[in-house]
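The sequence lines fix the lettering, A, B, ..., with proteins before strands; numbering per chain opens at 1.
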Protein chains: 2
Amino acid sequence: MRIVIDAMGGDQAPEVAVEGALDAASEWPDVDIILVGDQDRIEPLLTKRPSNLSVKHASEVIAADDEPVRAVRRKKDASMVVAGRLVKEKQAEAMISAGNTGALMTTGLLVIGRIPGIERPGLAPMIPTLNGKGVLALDLGANMDAEPEHLLQYGIMGSIYRNKVHGLEKPRIGLLNVGTEAKKGNELTKAAYELLEQASIHFVGNVESREILQAECDIIVCDGFAGNIMLKTLEGAASAIFSMLKTEFTKSLATKLAASVLKPGLKQFKNKLDYTEHGAAPLLGINGLVLKSHGSSDAKAIKNAVRQARTALQRDLVGAIVSEINGK
Amino acid sequence: MRIVIDAMGGDQAPEVAVEGALDAASEWPDVDIILVGDQDRIEPLLTKRPSNLSVKHASEVIAADDEPVRAVRRKKDASMVVAGRLVKEKQAEAMISAGNTGALMTTGLLVIGRIPGIERPGLAPMIPTLNGKGVLALDLGANMDAEPEHLLQYGIMGSIYRNKVHGLEKPRIGLLNVGTEAKKGNELTKAAYELLEQASIHFVGNVESREILQAECDIIVCDGFAGNIMLKTLEGAASAIFSMLKTEFTKSLATKLAASVLKPGLKQFKNKLDYTEHGAAPLLGINGLVLKSHGSSDAKAIKNAVRQARTALQRDLVGAIVSEINGK
């Protein structure tokens, strides 16, 4: 299987992508890795030359603050766009990028294309939960004005993903809502509730955002706007509370001593809530496997994304979604 | 000025309502307080008989789990509905209830009625912020499917409220969104952005939910669905993190000792984030003052709601909104 890595995406490109690719190539000899990006910057970083790793030159780079649609349309030789083209042309089965999220969604849509029958792809990161298992949330930003049918498709795709990639037998699907009763919410969630209830998936009903850290479901479906509000509120609250703890801990010598006793446990908990540690987010609904790694990914995160892609390819995730959406 | 209190609403009704009303009556002789509810249960609780406090009997009660519209329509003699009728009939200028939120919004709409020109009233609680000043957020649940014009009216009403009740000279209004750039968001926020930008209010642009605890604005406007998702995510995250802290603190004798040093500071911080401590939420856009106290309000919270109502009446909040909406 062939996996393309956008070497120029992310805060520490191309160093971490190259290091992660080298590690992955030596760990999984059955994977062929193609690093796409500026050859002059990548080649000097190749401390080894494994036979299952190659470099494809791309002269342009999409920056973190580039306007996504314009960048993908104009920068035809950007590393991300070239990677997408390799997937489109079946020269690779999967691509991984830690670059501009909007541009990656646009590359998925415009360069690779949707699975026939899927109206709107959804970005599906794992949200950390207190029990460590996590909830797959989609859509978290690809589709700001969702229709009920999109939410149904998110439920189906999320269910297949968690089954194929995480091995869950019967993944529980929840609908993000403002109350647990069936009639709660806005026009979108009321209509989506009915569709999800009738589908042959394990729909467990509405889930309130208050309960998201308690892992009451394995997949939570929502429109990209509400999902993004939820995720960023979580991040903001966690970061504010931990920074306040730091202030409290350093107030006096006594609190500093007290804090040193508590720190190891808190550090562990903080890591548990750090969603950058929870793997790459698949862009589900694209006719090829697209994985978004966090912009601050290190080499280990890139290697883990390769692991994720490898599992998804072995279990034929995209093929399973195609079959399910098109009624087998 | 006459303020009605729904004595039967809230988790500890009618005890806390009666106690809070007694305290308020003795503190502010210029306020006439009317307690509405079951006379047989209220009378024995009246330890004093101030001349500016009276009781109006109501034979029914709207329960916390009653379906709001049905309850308000059928229970004509419910304490909440009777209180609303007193405001409607100008026998009082304000009402306070700690009861069923949906039923109170319905009472506002169906019993008291909207201000002419206001399409959708908005529920506007204060969200706690790290600097202790708080952000008024609306709408947080009255209007699940908002139009851009509703968000504009929320901005105007919120601005008047923070000016009149909190004395802010030039309140900063933010739009809850998924990014700070003008073009971000869904169809609703893109259209609302343009309206807010053109209005004669101090609009400071999009605000991300990640920044909500940093108080980048004095008012944040949003549709009721997204606002509710934000508020409940905040509550859920804070409660999960503090319960985790408790677990870490009680792990061993050493952590227990360490925790005892840190607890006072953390307790203070936790209170800062407790949105039940931030006063009652006005239902803005109703043709009369309606304040929603938290269901778990104690007597002090009820007394504080009377203080809030008194300030709003002294500054003629509702009159100011009427003038502004109808072009003076």
Side-chain angles (χ1 to χ4, degrees), chain A residues 67 129-130 141 144-146 176-179 181 183-190 208-214 222-245 247-249 251-252 254-255 257-262 265-266 268-269 272-273, chain B residues 67 129-130 141 144-146 176-179 181 183-190 208-214 222-245 247-249 251-252 254-255 257-262 265-266 268-269 272-273:
Chain A
E67 199 284 305
T129 56
L130 295 178
M144 286 294 154
D145 290 281
L176 180 67
N177 212 331
V178 300
E181 305 89 331
K183 295 279 160 69
K184 280 280 176 176
N186 55 16
E187 297 303 327
L188 173 65
T189 59
K190 283 182 211 164
E208 286 196 78
S209 54
R210 187 189 276 143
E211 308 298 334
I212 191 72
L213 294 174
Q214 319 294 336
C222 50
D223 68 276
F225 188 85
N228 198 293
I229 296 291
M230 175 183 68
L231 184 66
K232 287 189 176 155
T233 307
L234 264 183
E235 283 176 43
S239 127
I241 294 174
F242 284 112
S243 86
M244 166 288 300
L245 282 177
T247 312
E248 289 297 330
F249 285 1
K251 257 187 178 164
S252 68
T255 60
L257 283 171
S260 67
V261 176
L262 295 165
L266 294 184
Q268 230 179 355
F269 177 78
K272 213 194 256 179
L273 280 190
Chain B
E67 199 285 306
T129 57
L130 295 178
M144 287 293 154
D145 290 280
L176 180 66
N177 212 331
V178 299
E181 305 90 331
K183 295 277 161 70
K184 280 279 176 178
N186 55 15
E187 297 304 327
L188 172 66
T189 59
K190 283 181 212 166
E208 285 195 79
S209 54
R210 188 188 276 144
E211 308 299 333
I212 192 72
L213 294 172
Q214 319 294 338
C222 49
D223 68 277
F225 188 85
N228 199 293
I229 295 291
M230 176 183 67
L231 184 65
K232 287 189 176 156
T233 306
L234 264 183
E235 283 175 43
S239 129
I241 293 174
F242 284 113
S243 87
M244 168 285 304
L245 283 178
T247 311
E248 288 297 330
F249 285 1
K251 257 188 179 164
S252 68
T255 60
L257 284 170
S260 68
V261 176
L262 296 165
L266 294 184
Q268 231 180 352
F269 177 78
K272 212 194 255 179
L273 280 191

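In this structure, the portion of E208(B) lying under 4.5 Å from any heavy atom of chain A is its side chain and not its backbone. For chain B, no part of L257(A) is nearby; none of its heavy atoms comes within less than 4.5 Å. For S243(A), no part lies under 4.5 angstrom from a heavy atom of chain B. With a threshold of 4.5 angstrom between heavy atoms, L234(B) approaches chain A through its backbone and through its side chain. Of the atoms belonging to I229(A), heavy atoms from both backbone and side chain fall under 4.5 Å from chain B. L266(A) touches chain B through backbone and side chain together, each having a heavy atom under 4.5 Å away.
Interface remark: of the candidates A240(A), G224(A), A226(A), A240(A) forms the most heavy-atom pairs closer than 4.5 Å to chain B. When the candidates T255(B), L245(B), L262(B) are compared by the number of heavy-atom contacts under 4.5 Å with chain A, L262(B) comes out ahead. Per-residue counts of heavy-atom pairs under 4.5 Å with chain A were compared for S209(B), A146(B), A258(B), G179(B); the largest is that of S209(B). Taking chain B as the reference chain and counting heavy-atom pairs below 4.5 Å, the highest number among Q214(A), M144(A), K183(A) is found for M144(A).
To the nearest 0.5 Å, the span separating SG on C222(B) from CG on N228(B) amounts to 9.0 Å.
Each of M230(B), E211(B), E235(B) was checked for a side-chain contact (heavy atoms from CB on, under 4.5 Å) with T233(A), and the lone residue meeting it is M230(B).
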Check the pair T189(B), K184(B) against side chain to side chain contact (heavy atoms under 4.5 Å, CB included), reporting the backbone distance first and the verdict last. CA-CA 8 Å; T189(B) 59; K184(B) 280 279 176 178; over 6 Å; no
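The closest donor-acceptor contact from the side chain of D223(A) to the backbone of D145(A) lies at 3.5 Å or more, if one exists at all.
Residues satisfying the side-chain hydrogen bond (donor to acceptor under 3.5 Å, both in side chains) test with K190(A), not counting sequence neighbours, are none.
Contact of the F225(A) side chain with the N177(B) side chain is registered, since non-hydrogen atoms from C-beta on lie closer than 4.5 Å.
Between E248(B) and K251(B) there is a salt bridge, since at least one side-chain N of the basic residue sits less than 4.0 Å from a carboxylate O of the acidic one.
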